[in-house]
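One structure is given below, encoded as structure tokens.
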Amino acid sequence: MFVDSACKALQQLHFSSSRWHPLRWSSLPGSSSNLNFSHSISSSGLSGHASDTAVHSASDALSKQIYKCIEVTLVEQETVGLIVLNRPEVLNALSEDLMHELVDALRVLDSMQKVGAMIITGKGKAFAAGADIKDLKDKNIADIFMLEFPSKWNDVSKIKKPIIAAVNGYALGGGCEVALMCDIILAGEKAVFGQPEINLGTIPGMGGTQRLIREVGKSSAMEMILTGSRFLDAQEAYQRGLASRVVAGSNDELVKEAISVAAKIALQSRPAVVMAKAAVNSAYELGLHEGVKKEQALFGATFALADQKEGMSAFIEKRQPQFVHT
Ligand code: CAA
């Protein structure tokens, strides 16, 4: 019975190594002390939206370097994917193109065996100041439903590997909601979190009403969402558990710290990390009893991994584990 549910848990995680295929794009000599955006995979020419279909098409998109609203870089011996939202002239407002690119890039990185964790940050003084209001203004209800807009953007929360949000400034509206879909939020000193959609005559549409309440509690979430003017600065976000900590210094130092955290995660067994993330996230969706059952199934599933044997052997033999990610 237990073995059955453990196997099911493994299947649900889709651990087929055949889905993992490294891209043949020029790798980057990244390290936490050597951020080199000049090598980043960014560029121009994505016409319309990148396909939201198979990882293959997304990997083609990356390898052909056709993103125009984001930059993607592999750092830390290609074990960490760094995504920079790159529309600083509009405070990285989340246009439809940007969100399609972001979701595609995350899917590609998720599919790459070598990559153990991802980071999202913003160029300039914002993480992201929300959905692009110019994109939104003339939409009608049919657009919202037929284009699954912005519900499709919730796909950020379906990525299996951990994502760190390095929030360097404004994270407002959809920007706050993207950060909330990440697994760890590191706040720079100038981080500002808020849900000002009510000022525009609308409400959060990317999970803000559901996720924010879980982080800051009902009263604060209500005040933020209903007034549209109650923002949290970095310290308050940390004190309330929205951010895991505040990183002092410049944006570069924030990104450097995020890379250092991501690199530590990337050293661990990939499948164990993915199972741990899935187990923690089930606390969002399940009651305690069901959640603990799911955790037990995933815990059991780790005993089917070579990495579990290696991790425990290494401890007993007083050496560093050499994980093979299977
Ligand atoms: N969409 C489109 N453009 C935006 C934008 C957005 N969300 N946020 C900022 N910009 C643009 C501004 O229009 C401005 O462009 P121009 O130079 O062409 O005028 C540029 O970015 C710089 O912005 P500001 O001059 O306003 O900068 P500021 O420092 O004075 O103010 C700010 C910063 C308080 C963040 C302010 O820009 C602001 O209030 N932005 C809107 C925030 C917001 O309402 N977000 C929610 C969007 S709706 C949403 O996200 C729905 C959802 O849940 C899915």
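Both ligands and their constituent atoms are indexed starting at 1 by order of listing.
Taking each heavy atom of Arg230 and Thr227 in turn, the nearest pair found is N-OG1, 3.3 Å. Among all heavy-atom pairs drawn from Gly208 and Ile225, the shortest one is O-CD1, 4.2 Å. Across all their heavy atoms, Met206 and Trp153 have their closest contact at SD-CE3, 3.2 Å.
Connection of Ile259 to Val261 is established within a shared hydrophobic cluster, with ILVMFWY side chains joined at heavy-atom distances below 4.5 Å, either directly or through further cluster members. No continuous path of ILVMFWY side-chain contacts below 4.5 Å connects Leu180 to Tyr170, so the two sit in separate hydrophobic clusters. Hydrophobic clustering of Ile, Leu, Val, Met, Phe, Trp and Tyr side chains at less than 4.5 Å, counting indirect connections, unites Met181 with Val103.
Atom 29 (O) of ligand 1 has Lys125 NZ, 2.9 Å as its closest protein atom, hydrogens excluded (heavy atom only). Scanning all protein heavy atoms for the shortest distance to atom 18 (O) of ligand 1 gives Lys134 NZ, 4.3 Å. Considering only non-hydrogen protein atoms, atom 10 (N) of ligand 1 sits nearest to Val90 O, 3.7 Å. Remark: minimum distance from atom 39 (O) of ligand 1 to any protein heavy atom is reached at Leu172 CD1, 4.8 Å. Of the protein's non-hydrogen atoms, the one nearest atom 51 (C) of ligand 1 is Glu197 CG, 3.6 Å. Closest to atom 17 (O) of ligand 1 among all protein heavy atoms lies Glu89 O, 4.6 Å. In terms of protein heavy atoms, atom 8 (N) of ligand 1 is closest to Ala129 CB, 3.5 Å.
Between Phe323 and His325, the ring planes are tilted. Angles from 30° to 60° get that label.
Ligand-side atoms of ligand 1 in range of Gly174: 49 (C), 50 (O), 53 (O), range being under 4.0 angstrom from any heavy atom. Annotation for ligand 1: atoms under 4.0 Å from non-hydrogen atoms of Pro196 are 43 (C), 44 (O), 45 (N). Atoms of ligand 1 found under 4.0 Å from any heavy atom of Met206, numbered from 1 in the order shown, are 54 (C).
Under 4.0 Å from ligand 1, the heavy atoms of Ala93 that appear belong solely to its side chain. The proximity of Leu200 to ligand 1, defined as any non-hydrogen pair under 4.0 Å, is limited to the side chain.
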Show your reasoning for whether side chain to side chain contact (heavy atoms under 4.5 Å, CB included) applies to Ile83 and Ile119. CA-CA 6 Å; Ile83 299 175; Ile119 297 163; over 6 Å; no
Residues Met275, Leu305; criterion side chain to side chain contact (heavy atoms under 4.5 Å, CB included); working and verdict: CA-CA 11 Å; Met275 287 187 221; Leu305 297 173; 3.8 Å; yes
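Considering backbone and side-chain atoms alike, Trp153 places every N or O at 3.5 Å or more from each N or O of ligand 1. Checked by distance only, ligand 1 and Glu177 come closer than 3.5 Å through their nitrogen or oxygen atoms. Looking at Gly205 next to ligand 1, an N or O pair under 3.5 Å apart turns up.
Which of Thr202, Ile198, Ile133 comes nearest to atom 1 (N) of ligand 1 through a heavy atom is settled by distance: it is Ile133. Considering Leu91, Leu136, Thr209, Ile203 only, the shortest heavy-atom separation from atom 27 (O) of ligand 1 involves Leu91.
The existence of a salt bridge linking Lys114 and Glu76 is excluded, since no basic side-chain nitrogen approaches an acidic carboxylate oxygen closer than 4.0 Å. With respect to Arg107 and Asp110, no salt bridge is recorded, no charged nitrogen being found less than 4.0 Å from a carboxylate O.
For Gln195, the heavy-atom gap to ligand 1 stays at 4.0 angstrom or more. Ligand 1 has Pro204 within reach: a non-hydrogen atom of the residue lies less than 4.0 Å from it.
When distances from atom 25 (O) of ligand 1 to the protein are checked, no heavy atom turns up under 4.0 Å. Atom 20 (C) of ligand 1 lies below 4.0 Å from at least one non-hydrogen atom of the protein. The presence of a protein heavy atom under 4.0 Å from atom 48 (S) of ligand 1 is confirmed. Checking atom 37 (O) of ligand 1 against the protein gives a heavy-atom contact under 4.0 Å. Taking a distance limit of 4.0 Å, we find that atom 14 (C) of ligand 1 is approached by no protein heavy atom.
Phe127 pairs with exactly one of Val192, Val178, Asn92 by the side-chain contact (heavy atoms from CB on, under 4.5 Å) rule, that one being Val178. Screening Asp132, Ile133, Asp138 against Asp135 for a side-chain contact (heavy atoms from CB on, under 4.5 Å) leaves a single residue, Asp132.
Side-chain polar atoms of Glu253 and Ser250 form a donor-acceptor pair below 3.5 angstrom.
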